[in-house]
Amino acid sequence: MIILVMGVSGSGKTTIGQLLAESLHCEFRDADSFHSPENIDKMRQGISLNDLDRIPWLLAMQQAIQHWLQENQNVVLACSALKASYRQYLLINDERVKLVYLKGSFELIQKRLQDRHNHFMSEKLLQSQFDTLEEPTDAILVDVFESPKEILQNIIMTLEI
């Protein structure tokens, strides 16, 4: 099974994804590692990526997901996946790919980003992420106001693993 943990930057994708992978004894991967150096440079400069910038990133993750499914690997992938069109690249097998949406208010997530250091995604890009976000209707919805432990328990309960 592939569990795609999505949300805007600062919603807790990496933290929750790592906890979930550890709890399920499976691999954790972060979508940031699929970005090109050019995309990372742009984001470091506070420049939002456009859809053309994202296509190679999405295709690289799609190939990885296909490989993991072929190899029957269980992987938790943390990825913003803000638009429905982006998720179409990633949700390639409805039965074995599950979507978890970490939802939070702008204010809460802005505070988290202000407290975060050493990450290329700046707080300045948060509004553009919320503007881009197309909330999924087919996901496990989790409020990020809760503690990581409570979020993890909610996800595992909902997945019925």
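Predicted, not measured: the structure shown is a model, and the values here were computed from it. In what follows, every heavy atom counts, from backbone to side chain, and hydrogens, waters and symmetry copies are set aside.
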Partners passing side chain to side chain contact (heavy atoms under 4.5 Å, CB included) against Ser85 (at least two apart in sequence or in another chain): Lys83

Rounded to the nearest 0.5 Å, what's the gap from CG on Leu49 to CG on Asn39? Could you check? 4.5 Å

Looking at residues at least two apart in the chain, or sitting in another chain, which of them share a side chain to side chain donor-acceptor pair (under 3.5 Å) with Asp41? none

hydrophobic_cluster_shared for Ile47 and Ile55, side chain cutoff 4.5 Å: no

Could you check whether any side-chain N or O of Ser11 sits under 3.5 Å from a backbone N or O of Val8, counting only pairs where one atom can act as donor and the other as acceptor? yes

Dump the intermediate steps for side chain to side chain contact (heavy atoms under 4.5 Å, CB included) on Ile65 and Tyr89, then the final yes or no. CA-CA 10 Å; Ile65 290 168; Tyr89 283 91; over 6 Å; no

Output the distance between atom CG (Leu69) and atom CE (Met1), rounded to the nearest 0.5 Å. 11.0 Å

Quick test of your reading: applying side-chain hydrogen bond (donor to acceptor under 3.5 Å, both in side chains), list the pairs with at least one residue in residues 16-25, sequence neighbours left out, ordered by first then second residue. none

Pair Lys103-Val142, side chain to side chain contact (heavy atoms under 4.5 Å, CB included): steps then yes or no: CA-CA 6 Å; Lys103 181 177 180 168; Val142 184; over 6 Å; no

Residues passing the side chain to side chain contact (heavy atoms under 4.5 Å, CB included) test with Ser147, sequence neighbours excluded, are Lys149, Glu150

What distance separates Phe34 CZ from Leu59 CG, expressed to the nearest 0.5 Å? 12.0 Å

May I ask you to decide if Val76's main-chain N or O and Arg29's side chain share a donor-acceptor pair within less than 3.5 Å? no

Nearest heavy atoms of Gly17 and Val5, plus distance in Å: CA-CG2, 4.4 Å

Indicate yes or no: at least one non-hydrogen side-chain atom of Val75 is less than 4.5 angstrom from one of Cys26. no

Nearest 0.5 Å, what's the CG-CG distance between Leu99 and Leu141? 10.0 Å

Where do Val144 and Gly104 come nearest, in terms of heavy atoms and distance? CG2-CA, 3.5 Å

Qualifying residues under side chain to side chain donor-acceptor pair (under 3.5 Å), relative to Tyr86, sequence neighbours excluded: Asp51, Arg54

Shortest non-hydrogen contact between Ala31 and Met61, atoms and distance: CB-SD, 3.4 Å

With sequence neighbours left out, which residue pairs that include part of residues 63-81 fulfil the side-chain hydrogen bond (donor to acceptor under 3.5 Å, both in side chains) condition? Asn72-Arg96

Check side chain to side chain donor-acceptor pair (under 3.5 Å) between Asn50 and all other residues, then give those that pass, not counting sequence neighbours. none

CD1 (Ile16) and CG (Asn154) are apart, to the nearest 0.5 Å, by 10.0 Å

How many angstroms lie between atom CD1 of Ile151 and atom CG of Asp143, to the nearest 0.5 angstrom? 7.5 Å

Residues passing the salt bridge (Lys or Arg N to Asp or Glu O under 4.0 Å) test with Asp53, sequence neighbours excluded, are Lys42

Using the rule given for side chain to side chain contact (heavy atoms under 4.5 Å, CB included), can you reason through Cys79 versus Lys13, listing the C-alpha separation, both sets of side-chain angles and the distance that settles it, and then say yes or no? CA-CA 7 Å; Cys79 176; Lys13 296 180 299 291; 5.7 Å; no

Could you work out, with ring-ring contact (aromatic ring centres under 6.0 Å, His included) as the rule, every residue matching Phe145, not counting sequence neighbours? none

For residues 39-66, pull every pair meeting ring pair (Phe, Tyr, Trp, His ring centres under 6.0 Å), keeping only residues two or more places apart or in separate chains. His35-Trp57

What do the steps show when you test Leu159 against Ile140 for side chain to side chain contact (heavy atoms under 4.5 Å, CB included), and what is the final call? CA-CA 8 Å; Leu159 287 171; Ile140 296 168; 3.4 Å; yes

With sequence neighbours excluded, residues passing salt bridge (Lys or Arg N to Asp or Glu O under 4.0 Å) with Glu134: none

For the residue pair Met6 and Leu102, establish whether any side-chain heavy-atom pair is separated by less than 4.5 Å. no

Sequence neighbours excluded, the answer for side chain to side chain contact (heavy atoms under 4.5 Å, CB included) partners of Asp30 is Thr14, Phe28, Asp32, Ala78

Non-hydrogen atoms of Ala81 and Leu90 that approach each other most closely: CB-CD1, 4.2 Å

